[in-house]
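What follows is a set of notes on a single structure, which appears directly below.
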Protein chains: 2
Amino acid sequence: MSALQTIYRHPLLTAEELEIIFKAHRKITFNKGDFLLKKEQVADGYFCVEKGLIRSYVYDFNGNDITTGFIGKNEIAIDVISLFHRIPSVEYFQALTDCECYVIDLESFQRLYHSIIGLNEWGRAWMSESLFELKQRTISMITDSATERYERLQSRHPHIVQQSPLKFIASYLGITDTSLSRIRKELVKEN
Amino acid sequence: MSALQTIYRHPLLTAEELEIIFKAHRKITFNKGDFLLKKEQVADGYFCVEKGLIRSYVYDFNGNDITTGFIGKNEIAIDVISLFHRIPSVEYFQALTDCECYVIDLESFQRLYHSIIGLNEWGRAWMSESLFELKQRTISMITDSATERYERLQSRHPHIVQQSPLKFIASYLGITDTSLSRIRKELVKEN
DNA sequence: TGAATTTCTTGTCTTATGGCAAGTAGATTG
DNA sequence: CAATCTACTTGCCATAAGACAAGAAATTCA
């Protein structure tokens, strides 16, 4: 099962339509460290991840880089605002490992989006799903301790914890690498 | 200028289309304390706020209510997931003050959404804008101190600080009412 | 392979925020 | 008007996480 099949699964999309959608993508690989998108660039497409791990991040006012998200297998690396509003990105998207992706450019997407009614629905479903997950994360940032957030990340997205350096996970969780190191130590001690 | 005119302003929507859209809404008022939507209910429309302040919140595992957002004049009170996925809400939406809103039900929206191409674009723009703001907030929760978050809320959304009890603002900022009270005291002292 | 770089850990001290409890002031209600 | 409530403040002490710095371990690279 390819990433595309998983990503585009939707009740309103037929096998034929999916075929058309898949064909609009082309395969692209990234080496560890490569950028899929940099700050100030205008995104011209989005990436469906087949293999590997990507990190999105921003710089805060102190110059620290803050991990805003991880994108792994069967997920989409996209800066929604930059792509659809045609404005420069504020985020960086960088490959944490060698990656295999399928990319589709905006023009192709727009064309399909207007001709395949189900894709329209799929897009809205995807966006509202993203909104929901982000909301969950915001609530978690408020109500859960750093330890709890780490444990949840570990159980729900073990591949992130396995593939990403500790400092990126730490900034994603909103703590320093020092603190995360200590949290890990405590968790090991407990079990 | 009514809330509807502000909310639905979009380059692809003509005056005639706007007229049709506006007519699909009906006015509805809420008294302080009324619920627009409760947990477990399936949303059947969304509310464009003309006047007043609404609070959305969830209960965390400890039974504390956590404010997830404030919705004021010219903003939309909506549970995207519940409305479009037809599933029970996890949030409560409650009027903090007497409110005047314009409500549109899902069916009417769907009909317009499929007949007015610009509304389609408007919807996507609205959703991506929401995604962006939520992302900003998540980053702020990580990189800014509680004091900074409060000051920003105060400068960007003074009406919230003016109309909402301190405890709701506190939970929105991710701190206790006690802490927010102290932060306020410090800020007053500084100026 | 050896040097350089990055990653991770650990120690010490500081600080922001929380938990709990008491108390005041203002609003609401019977 | 008195009796409750609710909102807010304040004090005391506990704790999670940060700042800074040193060093160990792992990885990268020439």
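Only this structure's heavy atoms are used, side chains among them; waters, hydrogens and symmetry mates stay out.
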Handout entry: Parallel, tilted or perpendicular: rings of His157(A) and His159(A) (30°, 60°)
Key =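 Aromatic pair His159(A)/His157(A) classed perpendicular.
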
Practice task
Check the angle between the aromatic planes of Tyr113(B) and Phe109(B) and answer parallel, tilted or perpendicular using the 30° and 60° thresholds.
Solution key: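 If you compare the ring of Tyr113(B) with that of Phe109(B), the planes turn out tilted.
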
Mind listing the N/O atom pairs, protein and nucleotides 10-12 of chain C, below 3.5 Å?
from	atom 1	to	atom 2	distance (Å)
dG11(C)	N7	Arg182(A)	NH2	2.7
dG11(C)	O6	Arg182(A)	NH2	2.9
dT12(C)	O4	Arg182(A)	NH2	3.2

In this structure, how many angstroms lie between the [atom2] atom of [N] and the [atom1] atom of [X], rounded?
X         : N       : atom1 : atom2 : result
Leu173(A) : dG18(D) : CG    : P     : 10 Å
Leu180(A) : dA17(D) : CG    : C1'   : 12 Å
Asp65(B)  : dA7(D)  : CG    : P     : 11 Å
Leu96(B)  : dT6(D)  : CG    : P     : 15 Å
Leu166(B) : dT6(D)  : CG    : C1'   : 12 Å
Phe168(A) : dT6(C)  : CZ    : P     : 11 Å
Ile175(B) : dT17(C) : CD1   : P     : 7 Å

Run the side-chain donor-acceptor check on residues 66-80 of chain A: report pairs under 3.5 Å with partners two or more places apart or on a different chain.
from	atom 1	to	atom 2	distance (Å)
Thr67(A)	OG1	Arg55(A)	NH1	2.9
Thr67(A)	OG1	Phe168(A)	O	3.2
Thr67(A)	OG1	Ser171(A)	OG	2.9
Thr68(A)	OG1	Ser56(A)	O	3.1
Thr68(A)	OG1	Ser56(A)	OG	2.8
Thr68(A)	OG1	Glu91(A)	OE2	2.6
Glu75(A)	OE1	Gly72(A)	N	2.7
Asp79(A)	OD1	Ile81(A)	N	3.2
Asp79(A)	OD1	Ser82(A)	N	3.0
Asp79(A)	OD2	Ser89(A)	OG	2.9

Could you run down the sub-3.5 Å N/O contacts of the protein with nucleotides 24-29 of chain D?
from	atom 1	to	atom 2	distance (Å)
dT28(D)	OP1	Lys32(A)	NZ	3.3

Completion exercise
Here DNA chain D, pairs taken as Watson-Crick or G-U under 3.5 Å and shown with ( ), [ ] when crossing and | when to another strand, reads ||||||||||||||||||||||||||||||

Pair up each side-chain donor or acceptor in residues 39-52 of chain A with any protein partner under 3.5 Å, not counting sequence neighbours, and list the distances.
from	atom 1	to	atom 2	distance (Å)
Gln41(A)	OE1	Lys38(A)	N	3.0
Tyr46(A)	OH	Tyr8(A)	OH	2.6
Glu50(A)	OE1	Ala3(A)	N	3.0

Problem - Distance-only donor-acceptor check, side chains Ser179(B) and Thr176(B), under 3.5 Å - result: yes

Exercise for the section: Please determine, for the side chain of Lys167(A), which listed nucleotide (dA17(D), dT17(C), dT7(C)) has the closest atom? Expected result: dT7(C)

Exercise for the section: Using a heavy-atom cut-off of under 4.0 Å over every strand shown, decide if Gly33(A) touches base, sugar-phosphate, or nothing. Expected result: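 The residue Gly33(A) makes no contact with any strand.
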
Exercise for the section: Could you identify which residues of residues 152-165 of chain B place a heavy atom less than 4.0 Å from some atom of DNA chain C, listed by residue number, or say none? Expected result: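 Heavy-atom contacts with DNA chain C come from no residue of residues 152-165 of chain B; none.
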
